[in-house]
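First the structure, in the form of structure tokens, and then the observations on it.
Letters A, B, ... are given to chains in the order of the sequence lines, protein chains preceding strands, and every chain is numbered from 1.
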4 protein chains.
Amino acid sequence: MTVRGEQGPGLRADAARNRARVLRVARERLAAGDDSLQLNAVARLAGVGVGTVYRHFPTPQALREALSAEDLQGLVDEARRAAADEDALAGLRGLLRFTFEHALDDSGFAAVLESASDNEARTSELKAELDRSVTELLDRARRAGAVRGDVEADDVRRLLCGTVHAVRAGDGGPARAEVYLDVLLQGLRPAR
Amino acid sequence: MTVRGEQGPGLRADAARNRARVLRVARERLAAGDDSLQLNAVARLAGVGVGTVYRHFPTPQALREALSAEDLQGLVDEARRAAADEDALAGLRGLLRFTFEHALDDSGFAAVLESASDNEARTSELKAELDRSVTELLDRARRAGAVRGDVEADDVRRLLCGTVHAVRAGDGGPARAEVYLDVLLQGLRPAR
Amino acid sequence: MTVRGEQGPGLRADAARNRARVLRVARERLAAGDDSLQLNAVARLAGVGVGTVYRHFPTPQALREALSAEDLQGLVDEARRAAADEDALAGLRGLLRFTFEHALDDSGFAAVLESASDNEARTSELKAELDRSVTELLDRARRAGAVRGDVEADDVRRLLCGTVHAVRAGDGGPARAEVYLDVLLQGLRPAR
Amino acid sequence: MTVRGEQGPGLRADAARNRARVLRVARERLAAGDDSLQLNAVARLAGVGVGTVYRHFPTPQALREALSAEDLQGLVDEARRAAADEDALAGLRGLLRFTFEHALDDSGFAAVLESASDNEARTSELKAELDRSVTELLDRARRAGAVRGDVEADDVRRLLCGTVHAVRAGDGGPARAEVYLDVLLQGLRPAR
DNA sequence: TATGAATGAGGCTTCATTCAT
DNA sequence: GATGAATGAAGCCTCATTCAT
């Protein structure tokens, strides 16, 4: 007997429950600032056996990516909405702000977003999907003279993560976030 | 018998030699892409005992900072020269490019540069010294309307490291470095 | 619905098929040099659930013995034929060669053959049956002065397995097999 | 400060003591019938840290071989004495008996003796040395017509270990040892 | 000061076995 | 009967740090 969830293909009910528990605990660990995602620790906190975690996620990275796949899906949806905006520049800026805030909030998400090499095919698919929407926005904004000609969707993804990195490096929490994001947005405009 | 080096107080000749060896090996490790700086490994490669490394550098972080203190000193010198430039904007840009290239080349250097909390007092002093020169350049460039009003020297330091981070995230080596740096420089101009 | 096989009592058709699959895969594993017979691995390769393997064979040893029971049955048949040989010495030698070659080929078989403690009653029965034929051959050959007086059937079984062991210890495959077997056969003759 | 023992090159006094402790415990384990030589267990029993055991013996096999190197040395000495015997056949038989008893007593020793691939160079050297003495005895005995022409020193080594194996397979302890050894000795005589 | 052997906590991973479905 | 997800004990090994020499 199987259930169909958004997590993926058919899983036995108990397996799905365990998988969800593990994901939840992993998210908590990251939120608590522990980036190591030690599978043993996650298993203990999730109240499942180590083997169970290993079955679902052979490596911390796999777990990280599963987590991000969830976030990435939300981002892809948002990107589609943004791409439908009549005002391409407004759409782009809104999307960047949305992404920025998420990445600032969740360092694991940022890590996956900026990485050039994914372990899970699903991650790459989602990023490609995301990049398609961003490319469309960029092209339209570019035609309107609002964005420089030499940056592509993946550049924007990386520059945004770099900006998140810059905010994090500061000790005062996200106090400078607004300014740094604005520096990026200005930087994306055509050179004068 | 003691020698006087720029590293600090008088050291016995053999101690100074050991210290230098350790620093050299550590630099090689980092250049080789091994960021872990395991003190045991460094000791072995340097041909000294572990204890000796621990005496000089109680933690990997201390070693990292000692390394960066050397680089930082060079950067401080460059910053002083830049601050003497009549054209503040040109001086600033030159300095940023210089820093950018170093940080891109040496991830340990970038890490120290962006960190908000130093372990060694010397590091903090050097950063303060650096920031003074940058502040001066920023102020002059700002008066000329060439730089936005809401960024300070440490913002610039962090944004630069964020940009380095963005370049690193790409797989194609530093291919996009020029573009990303230009995005930052444009972003630092006053908002339109 | 049940079938009657030589394996034992009536089994449902699907159960019998699964049992046979498991045995076949186990044989392949051993032939491939993997002596561990991990029941999980066997189950996967056989395309059945772990539980199924466990139902049929509670331990790897049980599986091993089931495998050997099949071989042992063939050996018992051969021994009966040999015991019918008019020339007892010729019969004995032929049987030893036959056994030697099988054991050399299949280390699991050798292990069961030499063991003094069987887990399955069936194994002990077959060995006793085998030893009866060998004892008969030995006695007849002994009367003809062709075999030393102080070795019994189980000694011969063990010495043969020891010889197999000696061949295996060499790195050059079974190159020395003939010589080693001949050393054993000579050694079984009466002392001069 | 170092000491010179037969174990090898200079070792610090404490290191030598630990090494000896580990070897002693390992020997006890093997004598107790535990062939696994788990390094963690050995460390615990020896009252030293795991790391210490790993430093001296990176693998169970290395430990096994170190143990056997000691025994092997004794065997090499005995072989030299035997090779000096005027009666080559008597010397050979005495040496085989000596070896047989040791190997029967210590399964680790037998395992190293029969193996065709050593991990430690020292082991191979000792075996080569041993084989030289045996070869000499064999050649002399052969010239006197007392040994078959087609067996070399390493064949004898392996056949002897095979015989040990045969004795071990029996449940009644070494009751049949004498007979089995005699079968081997008879088997080594020229074929009639 | 320098050495490097020793330490052992800490993390990782497998796999034999059980049991809910 | 069959399935295979779950379990977690048990083994493995590394490496940061200490301290006797």
Problem - Short side-chain donor-acceptor distance under 3.5 Å, A/Q73 and A/R122 - result: yes
Measure from [atom1] on [X] to [atom2] on [N] and round the result to the nearest Å.
X	N	atom1	atom2	answer
D/R17	E/dT7	CZ	P	9 Å
A/R44	E/dG10	CZ	P	11 Å
C/R19	F/dG1	CZ	C1'	15 Å
B/L37	F/dC15	CG	C1'	14 Å
B/F57	F/dT18	CZ	C1'	19 Å
C/Q61	E/dT17	CD	C1'	17 Å
C/L45	E/dC15	CG	C1'	15 Å
B/L39	E/dA5	CG	P	17 Å

Problem - Complement of E/dA5, any strand, by Watson-Crick or G-U distances under 3.5 angstrom - result: F/dT18
Residue [X], side-chain atoms from C-beta onward, closest of [options]:
X	options	answer
D/N40	F/dG4, E/dT14, F/dC12	F/dC12
D/A15	F/dG1, E/dA5, E/dA2	E/dA5
B/V48	E/dG11, E/dT7, E/dT3	E/dT3
C/T52	F/dC12, F/dA2, E/dT1	F/dA2
C/H56	F/dA2, E/dT7, F/dA6	F/dA2
C/V50	E/dT18, E/dA5, F/dA2	E/dT18

Problem - Pairwise side-chain contact, D/V48 with D/R17, heavy-atom cut-off 4.5 Å (strictly under) - result: no
Handout entry: Residue pair B/L30 / B/L37, side-chain heavy-atom distance below 4.5 Å
Key = yes
Problem - Earlier contact from the 5' end, DNA chain E, for B/G49 and D/G47 - result: B/G49
Handout entry: Position toward the 5' end of DNA chain E (nearest nucleotide), D/N18 or A/G51
Key = D/N18
Problem - DNA chain F: 5'-proximal contact among D/P58 and B/Y54 (nearest heavy atom) - result: D/P58
Exercise for the section: Find which nucleotide of DNA chain F each of A/R21 and D/S36 is nearest to by heavy atoms, and output the residue with the more 5' nucleotide. Expected result: A/R21
Between [X] and [Y], is there a donor-acceptor pair closer than 3.5 Å when you use the side chain of the first and the backbone of the second?
X	Y	result
B/T59	B/A62	yes
D/R27	D/L67	yes
D/R24	D/A46	no

Exercise for the section: Considering only atom C1', compute the distance from E/dT1 to F/dT21 and round it to an integer number of Å. Expected result: 13 Å
Handout entry: N/O (side chain, D/R55) to phosphate O (OP1/OP2, E/dA5) under 4.0 Å
Key = yes
